[in-house]
Amino acid sequence: MIDLKQLRENPDAFRAAYARRGGVEGLDRVIELAARHRESLAEVERMRAEHNRASKAIGLASADERPAAIEAARGLADQIKGLEPQLDQLADDLEAAAAYLPNLPHESVPEGTSEEENVVEREVGERRDLDFEPLDHVALGERLGLFDGERGAKTSGSRFVYLTGSGVILELALVRFAIDFLSERGFEPVITPVLVRRQAMYGTGFLPTEEHEFYKVERDDLYLAGTSEVALASMRAEEILSKDELPVRVAGFSSCFRREAGSYGKDTRGLVRVHQFDKVEQFSFAHPEDSWDELAAIRANQERILQALEIPYRVLVMCAGDLGGSAAKKVDNEAWLPGAQRYMEVTSATNATDYQARRLRIRFKDGSGTRLVHTLNGTACAAGRMIVALVENHQRADGSVTIPGALTPYTGFAEITPRA
RNA sequence: GGAGAGGUCGCCUAGUCCGGUCUAUGGCGCCGGUUUGCUAAACCGGUUGGGCGCAAGCCCUCGGGGGUUCGAAUCCCCCCCUCUCCGCCA
């Protein structure tokens, strides 16, 4: 949620910021509703004050004065009851309309209205010189027995896979590696609930705009979270943190569920685009003045993990038009896939500034008052896609795959060889 | 799933039966001050959160939402959550 007070004071700043996103519908309606709501609120509050005075006087009045005093107060109460429905309606309409307004892009976000205009900031790591025709992860996975998509489809439908054999060990190793890596950097490990209330989805900005992306359990009115970010942010909802404990850093682990609506035909095989995957996520509640440093810290962790796993990648800064609703800035890392001969998003880091904190009411106290924290999130290890990047980059001519040194303490083996 | 007990401004707690100076009590914690070699103790003051307003001030807030009433922490209804016991279950 944006700051409606700021919007009122400086609507042109919002117009300009949303123009950078390629235009946002409904801004003028929000401005108008906010003004009408404010007017109505002032009127109702004025009458409530009058009524409160009248009502209090009754308690002090003598028996003779009472009937007349009650009659007067009743008249005021009736008037207020006549106005309140209109005020409530305005408040509801305002909130509903404002819920669709996205965060303001940070000044450092590149111009652009579509994903073609995202900016490659850097390329890092060397692509290995392969003197053979590399396989993509689907072929490798089949030879090495890492996963089984056909049987996944039989059981649950397309885009569901069984991880099998060494694939399981690889995933568990990656997860533990990422958790240990983050623990050493002040992130407390947390395994989150995956079924979450509407309020948590709304608070993190996935609703109302992205409803179609998520599974919902109607019977219990719960959503399957698309990322542990939802439960991690919501973990501190309504809380007031102390200034001294910021940044609060947590490393979440959970399965993630995405409907992938509208992606028919893309990445239909393998682990790249599936309805369910496991992910270790970084999440920070930061002081507003430190949140851009915190984003840098989260990004540095992502890059160190990729470097430790010896995966070449490029850094892609999302342009204004390609930001999610809650993001003020978003930076992805894309791993190079020698088999598929393309880049694939493996991590994403976002500073949501106070957008989520306002909806979730997550604040901190400093001497002068209570302020909203900034929230940030960033992938540490999306297990499925990391396996894809790992096997494609560390494959050998004979179809086997080597395990980078950083990971072997967790796998217990240094290579995976094709099944007989 | 069944039965019961609860939810009060950081934490604990009084108030709810019997509606009105509740403008929510007290303790702990925290912040500031006095005293003081330093610290502690003691003492004094402050300390829910949000909204409107230049300000004075006003409005809302006792789990959430409705209702009764001139007036609700207090009475009524619905919902959420926590705890205990039973059942079921990994």
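Order of the sequence lines sets the chain letters (A, B, ...), proteins ahead of strands, with each chain counted from 1. Atom set for the values below is all heavy atoms of this structure, side chains included, hydrogens, waters and symmetry mates excluded.
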Where protein sits on nucleotides 60-76 of chain B, one letter per nucleotide: B base, S sugar-phosphate only, - none, heavy atoms under 4.0 Å: S---------BS-----
Using a 4.0 Å heavy-atom cut-off, does A:I240 contact any base of the nucleic acid, only the sugar-phosphate backbone, or nothing at all? sugar-phosphate
Across every strand shown, the nucleotide meeting Watson-Crick or G-U wobble geometry with B:G4 (both distances under 3.5 Å) is B:C83
Verify, without hydrogens or angle tests, whether A:R361 (side chain) and A:L372 (backbone) share a donor-acceptor contact under 3.5 angstrom. no
When rounded to the nearest Å, what value does the distance between C1' atoms of B:U8 and B:G26 take? 13 Å
Rounded to the nearest Å, what distance is computed from the CG atom of residue A:D221 to the P atom of nucleotide B:C79? 15 Å
Under 3.5 Å for both donor-acceptor distances, Watson-Crick or wobble: does B:U39 have a partner, and if so which one? none
With sugar-phosphate meaning primed atoms plus P, OP1 and OP2, does A:R53 contact a base, only sugar-phosphate, or nothing at under 4.0 Å between heavy atoms? nothing
Take atom P in B:G64 and the same atom in B:C81, then report the distance between them in whole Å. 15 Å
Using atom C1' in both nucleotides, what's the gap between B:A73 and B:G20 to the nearest angstrom? 13 Å
Pairing check on B:G45: which nucleotide meets the Watson-Crick or G-U wobble criteria with it, both distances under 3.5 Å? B:C31
Base partner of B:A73, which must satisfy Watson-Crick or wobble distances under 3.5 Å: none
Whole angstroms only, please: what is the NE2-P distance between A:H37 and B:G51? 12 Å
Gap between atoms CD1 and P, on A:I362 and B:G50 respectively (whole Å): 14 Å
Aromatic ring proximity A:H374/A:W292, centre distance under 6.0 Å: no
What interatomic distance, in whole Å, is found between P of B:C30 and the corresponding atom of B:A40? 10 Å
Which residues satisfy the ring-ring contact (aromatic ring centres under 6.0 Å, His included) test with A:F206, sequence neighbours excluded? A:F214
Distance, rounded to the nearest Å, where A:E238 contributes CD and B:G10 contributes P: 13 Å
Hits for salt bridge (Lys or Arg N to Asp or Glu O under 4.0 Å) against A:R185, two or more places apart or cross-chain, chain-then-number order -> none
If only side-chain N and O atoms of A:R46 are considered, is one of them under 4.0 Å from the OP1 or OP2 phosphate oxygen of B:C52? no
Taking the C1' atom of each, how far is B:G33 from B:A24, in whole Å? 27 Å
On RNA chain B, more 5' by nearest nucleotide between A:V44 and A:R361 is A:R361
Between P of B:C80 and CG of A:L222, the distance in whole Å: 12 Å
Can you sort out the partners of A:H37 under ring-ring contact (aromatic ring centres under 6.0 Å, His included), two or more places apart, ordered by chain and number? none
Side chains of A:S400 and A:D398: do they bring a donor and an acceptor to under 3.5 Å? yes
Plane angle bin for A:F160 and A:Y215 - parallel if under 30°, tilted between 30 and 60°, otherwise perpendicular: tilted
Determine the interatomic distance between P on B:U21 and the same-named atom on B:C62; round to the nearest Å. 15 Å
Find the distance A:R371:CZ to B:G50:P and express it as a whole number of Å. 13 Å
What is the nucleic acid contact for A:R363, judged by heavy atoms within less than 4.0 Å: base, sugar-phosphate only, or nothing? sugar-phosphate
Distance, C1' atom - from B:C79 to B:C18, rounded to whole angstrom: 28 Å
Whole angstrom value for the distance that separates C1' of B:G10 from CZ of A:R236: 13 Å
Not counting sequence neighbours, which residues clear side chain to side chain donor-acceptor pair (under 3.5 Å) with A:Q282? List them please. A:N301
Taking ring-ring contact (aromatic ring centres under 6.0 Å, His included) as the test, write out the residues that go with A:H287, two or more places apart. A:F364
Mind checking the C1' distance from B:G10 to B:G46? Whole angstroms is fine. 15 Å
If I take atom CD in residue A:E95 and atom P in nucleotide B:G50, what distance separates them, rounded to the nearest angstrom? 17 Å
Within the 4.0 Å heavy-atom criterion, would you say A:R8 contacts the bases, only the backbone, or no part of the nucleic acid? sugar-phosphate
Strictly by Watson-Crick or wobble contacts shorter than 3.5 Å, is anything paired with B:A55, and which nucleotide is it? none
Who pairs with B:C88 - Watson-Crick or G-U, where each distance is under 3.5 Å: none
